[in-house]
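The structure under discussion appears below in the form of structure tokens.
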Amino acid sequence: MRHIPGLYIAHDTKGRGMYTAEPIYKDDIIESCPVILIPETEKDRIHKSTLHDYYFVWPAGGIAIALGYGSLYNHNKDPNAEIIFDLDEHEIVIQAIKDIEPGDEVLIDYTGGVRDHELWF
């Protein structure tokens, strides 16, 4: 796992989230998170567990649990970071798409920009 210095977990009204104590600039790699790949055949088990709220749909099939801070980034329709799936390295990369100021939460769009996709929360 690789991540920039200054990332920290904080609690707010939504629960836990990832924040930065240092400035992050557009295009910076915030974190590279190895993943645990779970086959599609085991997805129902995940849906019946606490991990349900923490998995990613893996583009090559199945689902993935991101290690590191990967599963703790919160959703926002106007994110300041994006998810990049590195299929060769089995990693999820979090990259800044805007400058992020110290004290700001790092936010991703869980829908990948598909605005009509309904979220479960």
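All values derive from a computational prediction rather than experimental measurement. If you read the sequence from its start, that first residue is 1, and numbering goes on from there.
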Please tell me whether [X] and [Y] are part of a single hydrophobic cluster in this structure, the criterion being side-chain heavy atoms less than 4.5 Å apart.
X	Y	answer
Phe85	Tyr110	yes
Val106	Ile84	no
Leu51	Ile63	yes
Leu37	Ile83	yes
Ile9	Tyr54	yes

Shortest non-hydrogen separation from [X] to [Y] and the atoms involved:
X	Y	result
Cys33	Gly70	SG-CA, 3.5 Å
Glu31	Leu67	OE2-O, 4.3 Å
Pro102	Pro23	CG-N, 3.7 Å
Ala81	Ile97	N-CG1, 3.6 Å
Ile38	Ile46	CD1-CD1, 3.8 Å
Pro79	Asn76	CD-O, 3.5 Å

When you look at Lys98 and Lys26, which way does the side chain to side chain contact (heavy atoms under 4.5 Å, CB included) test go after all the steps?
CA-CA 4 Å; Lys98 301 176 183 177; Lys26 183 181 179 196; 5.7 Å; no
Would you give the length of the straight line joining atom [atom1] of [X] to atom [atom2] of [Y], rounded to the nearest 0.5 angstrom?
X	Y	atom1	atom2	value
Ile92	Leu87	CD1	CG	10.0 Å
Leu7	Ile30	CG	CD1	7.0 Å
Leu107	Ile100	CG	CD1	8.0 Å
Glu101	Ile24	CD	CD1	10.0 Å
Asp28	Ile94	CG	CD1	13.5 Å

Kindly state each residue pair satisfying ring pair (Phe, Tyr, Trp, His ring centres under 6.0 Å) with at least one member in residues 16-50, sequence neighbours excluded.
Tyr8-Tyr19, His47-His52, His47-Tyr55
Kindly determine whether Asp27 and Gln95 satisfy side chain to side chain contact (heavy atoms under 4.5 Å, CB included), including the steps that lead there.
CA-CA 6 Å; Asp27 298 326; Gln95 182 173 14; 3.9 Å; yes
Could you go through the side chain to side chain contact (heavy atoms under 4.5 Å, CB included) check for Asp109 and His75 one step at a time?
CA-CA 5 Å; Asp109 180 353; His75 167 76; 3.2 Å; yes
Going by the rule salt bridge (Lys or Arg N to Asp or Glu O under 4.0 Å), which residues pair with Glu42 if we only count those two or more places apart in sequence or in a different chain?
none
Set out, in order, the CA-CA distance, both residues' side-chain angles and the distance that settles side chain to side chain contact (heavy atoms under 4.5 Å, CB included) for Ile4 and Glu22, then state yes or no.
CA-CA 9 Å; Ile4 62 167; Glu22 303 289 331; 5.9 Å; no
Side-chain donor/acceptor of Asp53 to backbone N/O of Ser71, under 3.5 Å
no
May I ask you to decide if Arg16's main-chain N or O and Asn74's side chain share a donor-acceptor pair within less than 3.5 Å?
yes
